[in-house]
Every structure is written in structure tokens, then in C-alpha cells.
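A short worksheet on the structure shown next.
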Amino acid sequence: MAKEGMKFASEANFKSFMQQYGVFKDLDDITVQIPSGVQIADYVLRDVAVLELKTIKSDPGEKLESYFHEIMKRPDFPGIYGELNFRKVVGLMDDGERLIRKFENKAFRQIESVVSKADKQVNSTIEYLSMSPDTAGVLVLINEAAEMLEPDILINYISGLLGAKSGDTLRFKNIHRVILLQDTHMVAKPNSVASGTDIPIYNIKNDNLELSMVEGLLNRVLEQLIGQYSKFNGFKHRLASEEFFSIEKIMKELPCQPNGQELIEANYRKNRYMKDYSEQQLIEFGSTVMSIVCALFMKNRPFQLEHERKMYIIKKAIELFEESRIRPFDLKKLNIDPVSVRPVD
């Protein structure tokens with residue numbers, strides 16, 4: 001079992017698992033002196049797979065902070081309250097796709113470097129150990145630090161890399177599979193009574209490469225590896241190569257003494273009654289709620305409501321903000337008119 005308190009998506013945890021797994025040979029145990037220039041991978045299953053472990057240990061968010069701030073200064077940046085999903089929010093802007101491509105180029109730069117190095121190590125290992133040329137290359141990529149990288153977007157980027165060419169030649173012709181481990185998300189279970197948390201594990205196949213004899217065996221080996229790693233960590237997993245499913249970010253636990261707003265937000269996420277509102281319905285509902293809120297807090301002659309009703313309206317405003325964050329929805333589209341909700345004198 002994994003050590004208590006250890007994140008499952010971490011280099012230390014995966015190495016701890018592999019020490020007791022025993023199916024793959026740990027190439028760190030090689031006692032002979034490896035010649036200079038030979039780049040050895042981490043694990044090998046003779047003539048079936050060379051497995052290289054790579055970990056994303058730095059968060060590109062820090063480097064992208066100034067980029068974020070410049071975009072957020074634009075007058076057309078959507079009005080969203082709370083923690084932002086940058087890609088979804090920017091996607092609401094007219095030139096959102098261009099901004100997102102620039103963002104992804106900056107955010108994923110380290111991924112290309114990781115895949116390139118793993119490709120070289122797999123090839124060098126197969127040659128040095130005189131293994132079958134049909135041996136598969138497997139990259140286990142653990143996203144340990146870059147929580148801002150959404151796994152579905154990361155998968156699309158990796159798939160694009162595996163198909164990248166230099167002229168007519170594939171740039172990375174030794175990576176047949178990429179296993180992505182990331183513990184920031186869980187499989188969404190809308191309207192389900194199922195207990196427990198399913199963690200998605202991604203088995204990305206490089207469709208640009210063929211394996212003649214060992215593909216069936218490789219699939220079984222990786223399926224067993226993933227299943228045993230899941231068991232080692234005491235969680236259930238869903239394999240993305242077998243089915244399509246939606247995911248949602250695992251929300252951090254609330255503080256021991258959450259404030260009222262945090263409780264309202266947490267409760268709303270459990271019962272998103274605005275989830276199926278159309279944009280027009282959300283505009284109508286949100287415009288009414290925010291018009292009343294503004295009227296309540298006007299400096300001159302504020303709208304008077306009994307305390308219970310006032311707290312109810314404020315609760316609805318907090319839920320509206322949370323829905324706009326999750327969806328996302330541009331709050332600037334609301335038609336806020338505090339005068340329209342005041343009673344006639």
C-alpha cells in the first residue's frame with residue numbers, strides 16, 4: 001500500500017509501487033558501468049516494453065502570470081467571479097482561440113522537452129541492451145505540480161506531439177504509449193448514488209506507430225500495471241482508453257471553520273439547479289437577483305427587505321457567481337437596474 005498521506009500522482013509514490021511490483025526490471029539496479037552517451041530508461045520488461053518515468057515538477061502558472069494579467073486588463077475580458085478556468089473564460093472572447101493557442105504554447109513547452117528526452121532514452125536503452133526492435137516505448141508522465149493543466153487539454157497536446165513530424169519523419173518514433181497520472185480531477189457522476197471517487201488514468205496510444213507481435217501483450221501488461229497501481233493506492237480508477245467520460249476538478253476541502261460564503265458555494269456545487277439554464281434564462285434570473293442586490297445596498301434610499309428575505313437574495317447572488325465560475329458565464333451580460341425592482345413610492 002502507498003504510504004499514508006502520499007499523493008498517488010507523485011514520482012516517489014510510483015517508484016515505491018514499482019519496487020514491490022516486480023514485473024518490470026528497475027534499470028537503476030544495473031551494476032555495470034554504462035558507457036558515456038548511453039541514456040538508460042527507468043524500467044524494462046524484456047522485449048516487451050521499455051518504460052520511462054517523467055514528472056512535471058514545475059508549475060508554468062508562475063511564468064504565465066503576466067500573460068494572464070495583460071489579458072484580464074482588456075475591456076472585453078468576461079466578468080467572472082472566483083477561481084478561473086483560464087481556457088474556458090478566454091474562450092468566451094472573440095479572439096479566444098488565438099489567445100488559447102499562445103497560452104498552450106507557453107504552458108506546454110516543458111511537455112515537449114519531456115517527450116523528446118523519453119524518446120531518446122527508450123531508443124538508447126533498446127540498442128544498449130540488444131532488445132527486440134519491436135519493443136514498445138512507454139512514457140509514464142506524472143503531473144505532480146502543474147494543477148493548472150487540465151488533463152483533457154494535456155492529452156490533446158500529447159496526442160498532437162506524438163503525430164508531429166520533421167519533414168516526412170515522425171519526431172518521436174519510439175513512444176508507443178503515454179500513461180498520464182494526475183490527481184487533480186475525478187470522474188463526474190451526475191445524479192449518481194455511487195459511492196467513492198473514481199480517478200481517471202489516461203492511456204494514450206500513438207496511432208502513428210505499429211507493433212506487430214507484442215501489441216496485445218503490451219495492452220495486457222499496461223492494463224495490469226494500471227490496475228495494480230490503483231489497488232496499491234487504495235482507489236478506483238477509470239481508464240480513458242476504454243471509454244469516454246466527463247471529469248470535474250476535485251475541490252479542495254473547506255477549512256475547519258468555513259465561512260458562510262464557502263458553505264453556500266459548496267452546497268450549490270452539490271445541487272446546481274442553474275446547470276441546465278439556457279444563457280437567456282441565466283441572464284433573466286441573474287439580472288433580477290443582482291438588480292435587487294444593488295437596490296439593497298444603494299447609498300440613497302436603499303431597498304428595504306426583512307432580514308430573512310435579504311439573506312435569501314444574497315444567497316442567490318453567491319450561487320449565481322459560483323454558477324458563472326463553473327460554466328463559465330460573463331456577468332457583464334446581466335441587465336442590472338436597481339430602480340426597476342424598487343416599489344413605487
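Only this structure's heavy atoms are used, side chains among them; waters, hydrogens and symmetry mates stay out.
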With a 3.5 Å distance limit and no angle check, can you tell me whether [X] reaches the backbone of [Y] through a side-chain donor-acceptor pair?
{"X": "Arg327", "Y": "Met274", "value": "yes"}
{"X": "Asn174", "Y": "Asn123", "value": "no"}
{"X": "Asp26", "Y": "Asp28", "value": "yes"}
{"X": "Ser287", "Y": "Leu334", "value": "no"}
{"X": "Glu210", "Y": "Asn208", "value": "no"}
{"X": "Ser124", "Y": "Gln121", "value": "no"}
{"X": "Asn233", "Y": "Tyr229", "value": "yes"}
{"X": "Asn206", "Y": "Ile175", "value": "yes"}
{"X": "Ser230", "Y": "Phe235", "value": "yes"}
{"X": "Lys57", "Y": "Asn143", "value": "no"}

### Task
First locate atom CG of Asn335, then atom OG of Ser340, and finally report the distance between them rounded to the nearest 0.5 Å.
9.5 Å
### Query
How many angstroms lie between NZ in Lys332 and CG in Leu92, if you round to the nearest 0.5 Å?
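Spacing of NZ (Lys332) from CG (Leu92) equals 11.0 Å.
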### Query
Looking only at heavy atoms, which two atoms of Glu322 and Arg325 are closest? And how far apart?
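Minimum heavy-atom contact is OE2-NH2, 2.8 Å.
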### Residue pair Ala317 / Val293: nearest heavy atoms and the distance that separates them
CB-CG2, 3.9 Å
### Query
Hey, mind stepping through Ile179 and Leu139 against side chain to side chain contact (heavy atoms under 4.5 Å, CB included) and telling me if it holds?
CA-CA 6 Å; Ile179 308 298; Leu139 167 61; over 6 Å; no
### Query
Taking atom NZ of Lys120 as the centre, does the number of heavy atoms from other residues, nucleotides or ligands within less than 6.0 Å exceed 12?
no
### Query
Within a radius of less than 6.0 Å around CZ of Arg46, do more than 12 heavy atoms belonging to other residues, nucleotides or ligands occur?
yes
Which pairs would a plain distance check flag for residues 158-166, meaning a side-chain donor or acceptor within less than 3.5 Å of a matching protein atom at least two apart in sequence or in another chain?
residue : atom : partner : partner atom : Å
Ser159  : OG   : Ile155  : O            : 3.0

### Query
Do Leu27 and Ile126 belong together in a cluster built from hydrophobic side chains that touch within less than 4.5 Å?
yes
### Task
Establish whether Ile264 and Ile326 are linked, either directly or via other cluster members, by ILVMFWY side-chain heavy-atom contacts under 4.5 Å.
no
### Task
Give the C-alpha distance, both sets of side-chain angles, the deciding distance and a yes or no for side chain to side chain contact (heavy atoms under 4.5 Å, CB included) between Leu296 and Gln304.
CA-CA 7 Å; Leu296 289 171; Gln304 298 297 320; over 6 Å; no
Taking NZ, NE, NH1 and NH2 as the nitrogens, is one of them in [X] or [Y] under 4.0 Å from a carboxylate oxygen of the other?
{"X": "Asp94", "Y": "Arg74", "answer": "no"}
{"X": "Lys333", "Y": "Asp330", "answer": "no"}
{"X": "Glu52", "Y": "Lys54", "answer": "yes"}
{"X": "Glu306", "Y": "Lys310", "answer": "no"}
{"X": "Lys275", "Y": "Glu323", "answer": "no"}
{"X": "Glu223", "Y": "Arg220", "answer": "no"}

Note, [X] side chain near [Y] side chain (heavy atom, < 4.5 Å):
{"X": "Leu218", "Y": "Val138", "result": "yes"}
{"X": "Leu331", "Y": "Ile80", "result": "no"}
{"X": "Phe297", "Y": "Pro338", "result": "no"}
{"X": "Ile71", "Y": "Leu99", "result": "yes"}
{"X": "Leu305", "Y": "Phe303", "result": "yes"}
{"X": "Ile201", "Y": "Leu181", "result": "yes"}
{"X": "Met18", "Y": "Leu225", "result": "yes"}
{"X": "Tyr202", "Y": "Pro151", "result": "yes"}

### Message
Test question: given the 4.5 Å side-chain rule for I, L, V, M, F, W and Y, name all other residues clustered with Leu209, or answer none.
### Response
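In the cluster with Leu209 are Leu170.
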### Task
Apply side chain to side chain contact (heavy atoms under 4.5 Å, CB included) to Lys316 and Phe285, showing your working.
CA-CA 10 Å; Lys316 292 300 170 186; Phe285 175 77; 4.2 Å; yes
Short side-chain donor-acceptor distance under 3.5 Å, [Y] and [X]:
{"X": "Thr184", "Y": "Gln182", "answer": "yes"}
{"X": "Tyr128", "Y": "Gln39", "answer": "no"}
{"X": "Gln261", "Y": "Glu265", "answer": "yes"}

### Query
Passes side chain to side chain contact (heavy atoms under 4.5 Å, CB included), Val115 versus Leu141? Steps please.
CA-CA 9 Å; Val115 173; Leu141 180 62; 5.9 Å; no
### Message
Below 30° counts as parallel, above 60° as perpendicular, anything between as tilted: where do the rings of Phe17 and Tyr21 land?
### Response
parallel
#### Entry: Qualifying salt bridge (charged side-chain N to carboxylate O under 4.0 Å, His left out) pairs, either residue in residues 170-181, two or more places apart
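As it turns out, the salt bridge (charged side-chain N to carboxylate O under 4.0 Å, His left out) pairs with a partner in residues 170-181, which skip direct neighbours, are Glu112-Arg171, Arg177-Glu215.
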